[in-house]
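When a ligand or atom number is given, it counts from 1 through the structure's own listing order. Positions are given from 1, in the same order as the sequence printed here.
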Amino acid sequence: MTTANDILKKIKDEGIKYVDLRFTDPRGKLQHVTFDQTMIDEDIFEEGTMFDGSSIEGFVRIEESDMYLKPDLGTFRVLPWPDASGARVGAITCDIANPDGTPFAGCPRTALKRAIARAAALDFRMVASLEAEFFLFQRRDGSPTTLTHDTAGYFDLAPVDQGEDVRREIVLALEQMGFLVEAAHHEVAPGQHEVDFRDDDVLATADNVSTFRFVVKNVALRNGLHATFMPKPIYGINGSGMHTHMSLFEGDTNAFHETGNPFGLSKVAQGFIAGLLHHAPALTAITNQLVNSYKRLIAGYEAPTYITWARNNRSALVRVPVTKHGKQSSTRIEYRATDPACNPYLAFSVILAAGLAGIEGDYHLEEEADSNIFELSEEERRAKGIRLLPSSLADALDQMETSELVRDALGAHIHEWFLRNKRAEWMDYKSQVTQFELERYLPNI
Ligand code: GLU
Ligand code: MG
């Protein structure tokens, strides 16, 4: 257990000049306020500090604007780089509280903690790891372009893979910030990369996503590049996913594993998968929250479109990776819809809620999908009862709006804000006249 005094000692010993209090807003955007080390005392860490929540997207109205940032003491880290003046900077992750100290209903991290508590009431602890993909693009005149900086493909090496040094710098910076990377490699598309996180408790993994995006963007910029987590930046090639691997533990035992069952999947794991599949349409607005997210979720680019599960079939929504020889009890499942632009706290909240609903409700798990699912006609698929993921943000919001499970997991405050905010995004998009329309219609119609 880290105490406020441990952190104060570290600040002194390591000559840290500034401390960032960081939190994630409902959009998934990392925000911070910086304190000079002379202003930092035990109180800030233990009691928190007041800030004006009315200016933060998705928080509160002007008339109730005072809120508290409550640092989570175990999350203090030293940033890998000094600031422009050479000063060292520390950062700590915070929850948002009301002035009376109660958790604030609009805090996404608090929503995930609620889901974790629900799992704990059933004696489960969720462990998650990620495969986070992103693009590195060139910058021109200070602005990002969609020109990739290499023409490499999956697992390529330098010098074809021009991102190797940048990736290595990213991994080093991440490790300096205290989280362990399993692997990093070039992805299928030119300029596309992936960093794989190691297993950790789901809250730490969500915190790591914010740190990861911060590190990747900054390292890219230091190398004159622009990093993006936009799910589908370029038409006609793969987009970027953030596949989420997970299992539930009961104490030290992996509750997803049962020797002798088909694929090693326990009853708990089967219920969890069935829950995910059943609620998938309602979760999708959260796991894929941008207009652009739905340009990734189309056939032909290794991203899921059908609500199916399978062992080792990369077109399925839920995949059960083959366990390593000798590590059969490491059974886990992979949810492949999630993209790297999501709010990880909200995404993991709804994923966990759906899985738990499947376990508690004893949902039945249908047969694993055939690998030839893409060869079936629309009618054949319908006859087999295979459902599709929502095809647009508007469609996903309709599915989410009526889901009690999602409303419960997010809480009414975030649920309502999210729908309002995202409907506005959709309306903005819908009213645009796009290049596609001009090219297709203007000459002929
Ligand atoms: N980039 C693909 C996606 O959009 C995934 C590729 C892979 O299987 O790693 O989900
Ligand atoms: Mg990948």
Side-chain angles (χ1 to χ4, degrees), residues 128-137 146 148 150-157 161 163-164 166-167 170-171 174 181-199 205 208-209 212-213 216 227-246 276 280 283-284 286-322 332-342 344 347-348 351 369 371 373-374 388-393 396:
S129 61
L130 302 172
E131 298 175 36
E133 297 175 339
F134 58 95
F135 278 84
L136 292 176
F137 289 131
T146 50
T148 58
D150 69 21
T151 50
Y154 196 59
F155 275 23
D156 264 338
L157 267 70
D161 169 11
E164 194 161 318
V166 185
R167 268 201 325 270
I170 288 169
V171 171
L174 290 172
V181 171
E182 180 157 317
H185 61 82
H186 203 287
E187 250 302 341
V188 170
Q192 193 185 27
H193 302 273
E194 174 173 315
V195 172
D196 300 334
F197 296 28
R198 272 198 219 168
D199 274 350
T205 297
N208 282 345
V209 174
F212 169 75
R213 295 196 288 221
V216 170
T228 184
F229 302 100
M230 190 173 164
K232 184 84 173 187
I234 299 179
Y235 163 77
I237 60 172
N238 272 14
S240 294
M242 190 176 79
H243 304 164
T244 305
H245 292 248
M246 60 204 124
L276 272 177
L283 312 183
T284 309
I286 302 293
T287 50
N288 305 78
Q289 64 164 339
L290 304 183
V291 163
N292 181 256
S293 298
Y294 296 83
K295 312 228 159 148
R296 166 178 165 256
L297 296 177
I298 58 173
Y301 299 97
E302 297 187 274
T305 48
Y306 298 111
I307 302 178
T308 57
W309 77 280
R311 275 172 305 162
N312 231 1
N313 177 340
R314 283 165 202 276
S315 60
L317 174 61
V318 175
R319 188 174 81 98
V320 181
V322 176
R332 63 186 200 278
I333 65 167
E334 174 188 354
Y335 193 71
R336 291 177 60 87
T338 329
D339 70 44
C342 72
F348 301 159
I351 284 175
S371 52
I373 183 165
F374 283 103
L388 285 163
L389 281 172
S391 59
S392 68
L393 182 59

Do Val209 and Leu130 touch side chain to side chain, with heavy atoms closer than 4.5 Å? yes
Contact check: Arg336 vs ligand 1, nitrogen or oxygen atoms, below 3.5 angstrom: yes
Evaluate Phe197 against Phe212 for ring pair (Phe, Tyr, Trp, His ring centres under 6.0 Å), listing each step before the verdict. CA-CA 10 Å; Phe197 296 28; Phe212 169 75; 5.2 Å; yes
If you leave out waters, which protein N, O or S atoms are less than 2.8 Å from the Mg ion (ligand 2)? Glu133 OE2, Glu187 OE2, Glu194 OE1
Which heavy-atom pair separates Met242 from Cys342 by the least distance, and what is that distance? CE-SG, 3.8 Å
Within-cut-off N or O pair, Ala303 and ligand 1, under 3.5 Å: no
Within a distance under 4.0 Å of any heavy atom of Glu133, pick out the atoms of ligand 1 and give their elements. 1 (N), 2 (C), 3 (C), 5 (C), 6 (C), 7 (C), 9 (O)
Side chain to side chain contact (heavy atoms under 4.5 Å, CB included) test vs Thr244 passes for just one of Thr287, Thr338, Thr205, namely Thr338
Looking only at protein heavy atoms, which one is nearest to atom 4 (O) of ligand 1, and what is the separation? Arg296 NE, 2.7 Å
Can you name the nearest heavy-atom pair linking Arg336 to Pro304, along with the distance? O-CD, 3.4 Å
Face-on cation placement of Lys295 at Tyr301 ring, 6.0 Å and 45° thresholds: no
Closest non-hydrogen atoms of Pro344 and Arg213, given as atom of the first, atom of the second and distance, are CD-NH2, 3.5 Å
What are the two closest heavy atoms between Ala337 and Arg296, and how far apart are they? O-NH1, 2.7 Å
